[in-house]
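Read the structure below first, then the notes.
All heavy atoms count here, side chains included; hydrogens, waters and symmetry mates do not. By convention in this document, chain letters (A, B, ...) are assigned in the order of the sequence lines, proteins followed by strands, and residues within each chain are numbered from 1.
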Amino acid sequence: MKIVVCVKYVPDATGDRGFNDDGTTDRESVDSLLSELDEYAIEQALKIVESGVEAEITYLTVGPDDAKDALRKALAMGGDNAIHVNDDDIAGTDALGTSLILAKAIERAGFDLVICGMASTDASMGVVPAMLAERLGVPQVTYLDEVTVEGTTVKGGGTVKGRREGDVATELIEAALPAVVSVTDRTGEARYPSFKGIMAAKKKNVEALDLDDLGIESDQVGLSAAWSIVDTATKRPPRAKGEVVEDEGEGGVQLAGFLAAKKFI
Amino acid sequence: MAEILVLVDHADGAVRKPTLELLTLARRLGEPSAVFLGKGAEGATETLGKYGAQKVYVVDAPEVDDYLVAPAVDALTQIAGSSEPGAILVASSAEGREIAARVAVRLESGLITDAVDIEAGADGPVTEQSVFAATYQVKAHVTKGTPIITVKPNAATPEESPATPAVEAVTVDFTALATGTRVVSRAPREKSDRPELTEADIVVSGGRGVNGAENFHVIESVADALGAAVGASRAAVDAGWYPHSHQVGQTGTQVSPQLYIAVGISGAIQHRAGMQTSKTIVAINKDEDAPIFDLVDYGVVGDLFKVMPQLEAEINKRK
Ligand SMILES: Cc1cc2nc3c(=O)[nH]c(=O)nc-3n(C[C@H](O)[C@H](O)[C@H](O)COP(=O)(O)OP(=O)(O)OC[C@H]3O[C@@H](n4cnc5c(N)ncnc54)[C@H](O)[C@@H]3O)c2cc1C
Ligand SMILES: Nc1ncnc2c1ncn2[C@@H]1O[C@H](COP(=O)(O)O)[C@@H](O)[C@H]1O
């Protein structure tokens, strides 16, 4: 069967992230990397194959030239090949547009299982997987802390099962393949690429696609087609640092004094 | 006035507080109509009316209980199709965001997630969001279709505005997608007597410095003395010291209480993403260079095992 893992190239969360004048994310002044939350998706895809499910793993990213780095890192962890959708007209696309591009690329590649991270670390909306399920017309099995695939054959078919920490309950959920899955950072540490893996990744195929290849008109995506717009983005003033005292035996009492002055006690 | 649809977040008919906040915000935009999915609507109608719902749409179908997300999408899309609302408001839980996302695709409408405030504007609702680990405040609005907005807990203080809602039972024509993802079992999380993390006015959180599940009572005692919820850093949760449902941060719960007390927590960006918008921040940490101190209104550099018991005793003394 075929597994497509969606990975995003994002500005480093530990950098000083910000906005461009047009309200889009500034992707220049902070170094970007493979979203850490997508490493868990990669890890689960590799684990599914290691558990005995015969599958080809394809990584898919929608992003600028450098986003290729994210694909190379993913390929160094394992997997077979990658697709990079890159087009000047994509800049500024919102989640609705991104999900359209991803869905078209996934349909073109063919799939039994799509695996996403739970959220991107920049926009952190956690909505693209659900949108993909909607657009692809398949079940969504999302926010999983645990995922297993059973009963697949060379012809496809099979079931995906998982555990989801729902809003008020822990849920066990399942669906027939094909399906879209997203996994949380509780599925287990992602592996580090080995030296051998890094060397092998250089030989793996990365297919470059643009909007034309996917039959998407340039006015369907990009900033001008976004269905919501940022009016203003204001940097929050850094919090004024308050008093910090050294505990010399009275720290708890001093703190209680502060809380009382603020009427919390 | 335009109808504003509010998706009700409830547990067997018990309406959760974020829904009351949504109804309060909806009144700024138009006339709120509640959309109630599942069982227990009879019990919920009065509460929904009390907070201003003019109408309650009820979808009581097995699909919404037994299958994930998609049945709610069918229901909400159908109701939106006939009522042509001015906006759709949904609570920003994992499920709420996913429902909103799919409705946005179906209605070809713009989506804004995790709003912390909403005002009426000339071109429809204007939302406010905190982004990039709450280092930026962003104002935005939807430019296409019906604005679909998910709203974070605590975005507004629930205000009563009594109404007697008309109740309309809706029969939904579910799509084939509705029954795609089956919920095989549901184990409700154990309820504690403490307030819920997202709803609490005060949150006391412990991190790696707490050094063991057996020590978390140090955090709990102070929380109880203050009537607070208990939070934890991912390091404490990953170590198995406290349940994941209490994790504060990027991949846990995002809180915005009046007071946040970080104990034995260094203040990594991913943790800050979940608490940085708290009104008052206090930290106890033995490392004076811990980044958490950059955020505090008050900090104590010291051993939490000395400071916390003393704090608890002093709170109880002053009460
Ligand atoms: C994609 C991603 C998502 C993440 N999501 C989250 C998230 O949602 N929430 C989250 O919290 N983290 C998250 N993290 C992890 C985050 O980066 C940090 O690793 C984590 O927050 C550290 O937890 P901590 O502060 O408890 O531990 P540490 O960083 O180890 O800090 C422990 C602190 O305790 C102090 N201490 C030790 N002993 C004592 C004592 N006796 N008295 C007083 N102080 C003491 C130490 O000085 C230190 O400052 C995420 C990371 C990634 C990559
Ligand atoms: N530009 C992108 N390219 C590839 N995958 C993406 C992209 N944006 C989002 N995703 C996938 O969707 C998940 C959720 O993203 P989001 O809804 O933006 O938080 C991510 O973890 C990725 O798996």
Side-chain angles (χ1 to χ4, degrees), chain A residues 13-14 17-19 37 95-96 99 118 121 124-127 130-131 134-135 137-143 165-175 184-186 227-236 239 241-247 251-256 258-260 262 264-265, chain B residues 11 68-69 93-95 97-98 101-102 104-106 109-113 132 134-145 177 180-189 202 226 244-245 250-251 259 269 280 282 293-302 306-307 310-311 314-315 318-319:
Chain A
T14 56
R17 295 176 293 179
F19 286 91
L37 289 173
L96 285 149
S99 67
M118 64 185 277
T121 56
S124 75
M125 294 174 76
V127 295
M131 288 177 174
E134 178 68 32
R135 291 192 187 277
V138 300
Q140 68 168 84
V141 191
T142 47
Y143 280 100
E165 230 17 88
D167 296 334
V168 289
T170 303
E171 296 160 339
L172 298 181
I173 56 179
E174 64 173 48
T184 72
D185 55 344
R186 296 171 54 72
W227 294 350
S228 56
I229 103 166
V230 169
D231 302 314
T232 58
T234 330
K235 205 172 164 92
R236 280 171 83 98
R239 292 186 78 104
K241 187 171 170 169
E243 189 183 359
V244 178
V245 300
E246 191 91 34
D247 176 35
V253 174
Q254 286 169 287
L255 178 49
F258 171 81
L259 297 181
K262 287 270 183 185
F264 289 116
I265 309 177
Chain B
L68 194 76
V69 175
S93 60
E95 191 150 354
R97 276 201 307 267
E98 293 190 319
R102 297 183 65 156
V105 173
R106 261 192 227 177
S109 292
L111 168 72
I112 290 175
T113 53
F132 293 149
T135 51
Y136 274 81
Q137 288 298 111
V138 167
K139 287 202 166 161
H141 72 273
V142 164
T143 51
K144 182 165 184 241
L177 278 181
T181 310
R182 201 162 70 87
V183 180
V184 180
S185 72
R186 221 178 236 133
R189 257 194 295 288
I202 304 180
L226 291 167
H244 172 66
S245 51
Q250 187 190 348
T251 55
L259 170 66
I269 182 82
T280 299
V282 166
F293 284 127
D294 295 339
L295 302 179
V296 297
D297 296 286
Y298 197 86
V300 178
V301 179
K306 296 206 177 91
V307 178
Q310 191 181 70
L311 173 62
E314 187 67 18
I315 294 168
R318 284 173 185 252
K319 272 206 283 207

*Among the listed options B:Leu226, B:Leu259, B:Ile112, B:Asp294, the residue most often paired with chain A at heavy-atom distances under 4.5 Å*: B:Leu259
*Pick from B:Ala11, B:Ser109, B:Ala104: which one has the most heavy-atom pairs with chain A under 4.5 Å?*
B:Ser109
*Side chain from CB out, backbone as N, CA, C, O: work out which of these in B:Leu111 comes under 4.5 Å of a heavy atom of chain A, or both, or neither.*
both
*asked:* Between A:Leu96 and chain B, with a heavy-atom cut-off of 4.5 Å, which part of the residue counts as in contact: side chain, backbone, both or neither?
replied: side chain
*Please step through side-chain contact (heavy atoms from CB on, under 4.5 Å) for the pair A:Tyr143 and B:Glu98, ending with a clear verdict.*
CA-CA 10 Å; A:Tyr143 280 100; B:Glu98 293 190 319; 3.4 Å; yes
*asked:* So A:Ile229 and B:His141, do their side chains get closer than 4.5 Å, heavy atoms only?
replied: yes
_Using heavy-atom distances under 4.5 Å, tell me whether B:Ile202 contacts chain A through its side chain, its backbone, both, or neither._
side chain
*In Å and rounded to the nearest 0.5 Å, what is the OG1 to NZ distance from B:Thr135 to A:Lys235?*
5.5 Å
_Residue selection (most heavy-atom pairs with chain A, distance under 4.5 Å) from B:Arg318, B:Lys306, B:Arg106, B:Arg102_ = B:Arg102
*Would you find a donor on one side and an acceptor on the other, under 3.5 Å apart, between the side chain of B:Thr181 and the backbone of A:Ala175?*
no
*Do B:Val296 and A:Val244 have side-chain heavy atoms sitting under 4.5 Å apart?*
yes
*What residue, out of B:Gly180, B:Ala101, B:Ser185, has the most heavy-atom pairs lying under 4.5 Å from chain A?*
B:Ser185
*Could you tell me which non-hydrogen atom of A:Gly166 sits nearest to which non-hydrogen atom of B:Arg189, and how far apart they are?*
O-NH2, 2.9 Å
*Would B:Thr251 and A:Met118 count as a side-chain contact (heavy atoms from CB on, under 4.5 Å) if you check the C-alpha gap in whole Å, the side-chain angles of each, and the deciding distance to 0.1 Å?*
CA-CA 9 Å; B:Thr251 55; A:Met118 64 185 277; 4.0 Å; yes
*Where the side chain of B:Thr143 meets the backbone of A:Trp227, is there a donor-acceptor pair that is under 3.5 Å apart?*
yes
*asked:* Which atoms of A:Phe258 are under 4.5 Å from chain B, going by heavy atoms: the side chain, the backbone, both sets, or neither?
replied: side chain
*Using non-hydrogen atoms only, which part of B:Thr280 is less than 4.5 Å away from chain A: side chain, backbone, both, or neither?*
both
_Using heavy-atom distances under 4.5 Å, tell me whether B:Ile315 contacts chain A through its side chain, its backbone, both, or neither._
both
_Quick check for you: to the nearest 0.5 Å, what is the distance between A:Thr142 atom OG1 and B:Arg97 atom CZ?_
10.5 Å
*Interface residue of largest heavy-atom contact number with chain B, from A:Arg135, A:Gln140, A:Glu165, under 4.5 Å*: A:Gln140
_Interface residue of largest heavy-atom contact number with chain B, from A:Val138, A:Asp247, A:Thr234, under 4.5 Å_ = A:Thr234
*For the candidates A:Val127, A:Val141, A:Thr232, which exhibits the highest count of non-hydrogen atom pairs separated by less than 4.5 Å from chain B?*
A:Thr232
*asked:* Which atoms of A:Leu255 are under 4.5 Å from chain B, going by heavy atoms: the side chain, the backbone, both sets, or neither?
replied: both
_Toward chain A, the part of B:Gln250 with a non-hydrogen atom under 4.5 Å_ = side chain
*I would like to know whether A:Gln254 and B:Val300 meet side-chain contact (heavy atoms from CB on, under 4.5 Å); could you show each step before the answer?*
CA-CA 9 Å; A:Gln254 286 169 287; B:Val300 178; 5.8 Å; no
*Are the side chains of B:Asp297 and A:Arg239 in touch, meaning some heavy atoms are under 4.5 Å apart?*
yes
_What part of B:Val69 gets within 4.5 angstrom of chain A, counting heavy atoms only: side chain, backbone, both, or neither?_
side chain
*Checking heavy atoms, do the side chain of B:Val282, its backbone, both or neither come under 4.5 Å from chain A?*
side chain
*Any idea which of A:Leu259, A:Leu172, A:Ile265 has the most non-hydrogen atom pairs under 4.5 angstrom with chain B?*
A:Leu172
_B:Gln137 side chain vs A:Arg236 backbone, donor-acceptor pair below 3.5 Å_ = no
*If every non-hydrogen atom of A:Gly251 is compared with every non-hydrogen atom of B:Gln310, which pair is closest and at what distance?*
N-OE1, 3.4 Å
*Of all heavy-atom pairs between B:Val138 and A:Ala233, which one has the smallest distance, and what is that distance?*
CG2-CB, 4.0 Å
*asked:* Out of B:Ser93, B:Gly302, B:Gly299, return the one with the most heavy atom pairs under 4.5 angstrom to chain A.
replied: B:Gly299
*asked:* With a 6.0 Å cut-off (strictly less than), is the heavy-atom count around NZ of B:Lys144, excluding the residue itself, greater than 12?
replied: yes
_Heavy-atom proximity to chain B below 4.5 Å, by part of A:Met125_ = both
*Which pair of heavy atoms, one from A:Ala169 and one from B:Pro188, lies closest together, and at what distance?*
CB-CA, 3.6 Å
_Minimum heavy-atom distance B:Glu314-A:Ala256, with the two atoms named_ = CG-CB, 3.2 Å
*Distance (rounded to the nearest 0.5 Å) between B:His244 NE2 and A:Thr170 OG1*: 9.5 Å
